[in-house]
Amino acid sequence: MFRVVTRLQASSLAEISGYIWHIGGKYVPAGQGTLPVTDLALARGYGVFDYWRSYGGKYVQMERNLDRFRRSATRTELPLPWSNQELSDIVLETSKRNNFDDCAIRMFATGGSASDCITPETDPLLVVMCTPALITPPEWNTQGTKIVTFHSERWDPETKSINYLPAILGKKKAAREGGVEALYVDKNGYTPECTTSNVFAFFHQPDGKCLIVTPDSGILHGITRGRVLEILAENDVVAVEKRPIRLEELLQADEVCICSASRGVLPVVQIDGNTISTGQVGPHSKQLLDDFLEYMLQHGTLTWK
């Protein structure tokens, strides 16, 4: 039987410096890794990335992440000289060299170097970072979490660009206000997604069933979100609507969840100063938490062990 072995606390910079990462074609201690200062990732924030983690020592459908990584590169006209098989091999080798119980992978393709700091002249550099995977504090799942609103919009949400300025500002606002995430609110009052998470609103129905609304436009169609939708499709007591949702409607939901690769499924019981329903984690959220973990443990395929 699989179990998910993870850490509650992120690694310190001192710990990270000893991890082995793939940087520019070499496996090196993270603290010794370097990039040219002329690289456009540094000079202009030009580059793409993706993130995923293992469950029970296995990666789940990693090809989905590699395909999205390639789509992001295509959308930003960033040529990738590596095949998906080569990328997969590098991820497994990096994971093996660190051999954490469960690994979190961040894969970057930089913009390449430019003598004028704007026109790419070299191929991108590949960086594969590997750290111990984290779980959320248990009370986040049992007691729920708070998120805060942040009035901003992303450039091309379908691209996982390394330019994360709106997300960083949103995360800072969340930290100041005691939240775990920031929820984007656009100029028309809609709430498409959070800085690193997708959103689901649950509305209990008189017949005991549940209507779940999740935005479907102006968002990154997260891979975790896709898995959640697959799980919900097998549940005969819920119906899913993919449509925009305004902030005032979201605040009237009976349950709210967010989901991401890094944190899985998280119940939300407060948005800014507004309590969602009773302020308790609801039954559909609890069921989705259990179903998601079971799904991830059952669908793992690739392992470095």
Side-chain angles (χ1 to χ4, degrees), residues 1-36 39 41-42 47-70 72-73 80-110 123-138 160 162 164 171 196 222-224 227 259-264 292-293 295-305:
M1 181 173 179
F2 292 120
R3 66 191 183 103
V4 180
V5 183
T6 51
R7 296 172 50 149
L8 285 171
Q9 297 296 323
S11 302
S12 68
L13 289 176
E15 287 179 296
I16 287 174
S17 66
Y19 298 163
I20 303 300
W21 291 351
H22 183 276
I23 302 176
K26 299 178 181 179
Y27 295 96
V28 298
Q32 299 175 22
T34 61
L35 293 176
D39 196 293
L42 176 63
V48 297
F49 82 103
D50 216 296
Y51 172 94
W52 62 96
R53 55 153 296 175
S54 69
Y55 282 80
K58 293 183 178 181
Y59 292 116
V60 181
Q61 302 153 335
M62 188 164 67
E63 65 278 3
R64 297 187 185 186
N65 295 92
L66 297 178
D67 287 344
R68 184 174 64 181
F69 184 64
R70 194 167 298 280
S72 293
L80 295 183
W82 311 278
S83 68
N84 278 13
Q85 185 60 58
E86 289 171 322
L87 293 173
S88 177
D89 291 344
I90 291 170
V91 168
L92 292 178
E93 179 62 26
T94 307
S95 304
K96 181 179 179 180
R97 292 186 181 225
N98 291 281
N99 201 30
F100 304 126
D101 292 305
D102 268 309
C103 295
I105 295 295
R106 287 178 174 85
M107 176 179 286
F108 296 85
T110 73
D123 283 338
L125 291 178
L126 180 69
V127 177
V128 177
M129 302 164 58
C130 180
T131 57
L134 299 178
I135 60 170
T136 58
K160 287 189 74 71
I162 65 171
Y164 249 47
K171 286 284 194 179
T196 60
I223 292 171
T224 301
R227 290 172 178 141
C259 69
S260 65
S262 60
R263 296 298 190 182
F292 178 78
L293 181 57
Y295 177 102
M296 297 303 283
L297 290 173
Q298 288 181 348
H299 288 77
T301 53
L302 291 176
T303 184
W304 63 93
K305 295 182 180 290

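No hydrogens, no waters, no symmetry mates; every other heavy atom, side chains included, goes into these values.
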Taking the side chain as every heavy atom from C-beta outward, state whether T94 and I20 have any atom pair closer than 4.5 Å.
no
Side chains of R64 and R227: does their closest heavy-atom pair fall under 4.5 Å?
yes
In terms of relative ring orientation, are W304 and Y59 parallel, tilted or perpendicular, with 30° and 60° separating the classes?
tilted
When you measure from the side chain of T301 to the backbone N and O of V60, does any donor-acceptor pair fall under 3.5 Å?
no
Heavy-atom closest contact (Y55 atom, A261 atom, distance):
OH-O, 4.5 Å
Do you know the tightest heavy-atom contact between D50 and K160?
OD2-CD, 3.7 Å
Decide yes or no for L66 and R70: does some side-chain heavy atom of the first lie under 4.5 Å from some side-chain heavy atom of the second?
no
CZ of F49 to CE of M107, rounded to nearest 0.5 Å, is 12.5 Å
Side chain of N99, backbone of S95: donor and acceptor closer than 3.5 Å?
no
Smallest heavy-atom separation, T110 atom then A41 atom, equals CB-CB, 3.8 Å
Close side-chain approach of T196 and K171, heavy atoms under 4.5 Å
yes
Would you please classify the geometry between the Y295 ring and the H299 ring as parallel, tilted or perpendicular, with 30° and 60° separating the classes?
parallel
K305 NZ: over 12 foreign heavy atoms closer than 6.0 Å:
yes
Would you give the length of the straight line joining atom SG of C130 to atom CD1 of I16, rounded to the nearest 0.5 angstrom?
11.0 Å
Less than 4.5 Å apart, side chain to side chain, heavy atoms only: is that true for T224 and F292?
yes
Starting at OG of S54, measure out to CE of M62 and round the result to the nearest 0.5 Å.
10.5 Å
Are the side chains of D67 and N84 in contact, using a 4.5 Å heavy-atom criterion?
yes
Would you compute the distance between atom CG of L126 and atom CG of L80 and round it to the nearest 0.5 angstrom?
8.5 Å
So, do L35 and V127 sit near enough that their side-chain heavy atoms are less than 4.5 Å apart?
yes
Please round to the nearest 0.5 Å and tell me the distance separating atom OH of Y19 and atom SG of C103.
10.0 Å
Compare all side-chain heavy atoms of W21 with those of V28 and state whether any distance is below 4.5 angstrom.
no
Tell me the closest heavy-atom pair linking S88 and L302, and the distance in Å.
OG-CD1, 3.7 Å
Ignoring hydrogens and geometry, is there a side-chain-to-backbone donor-acceptor pair from Q32 to P29 under 3.5 Å?
no
Over all atoms of both residues, closest heavy-atom pair of R97 and Y27:
NH1-CB, 3.4 Å
Using only atom types and a distance under 3.5 Å, with no angle test, would you say the side chain of N65 pairs donor to acceptor with the backbone of Y51?
yes
Rounded to the nearest 0.5 Å, what separation is found between the CG atom of L125 and the NE2 atom of H22?
10.5 Å
Nearest heavy-atom pair of R53 and A133: which atoms, and what distance?
CZ-CB, 3.6 Å
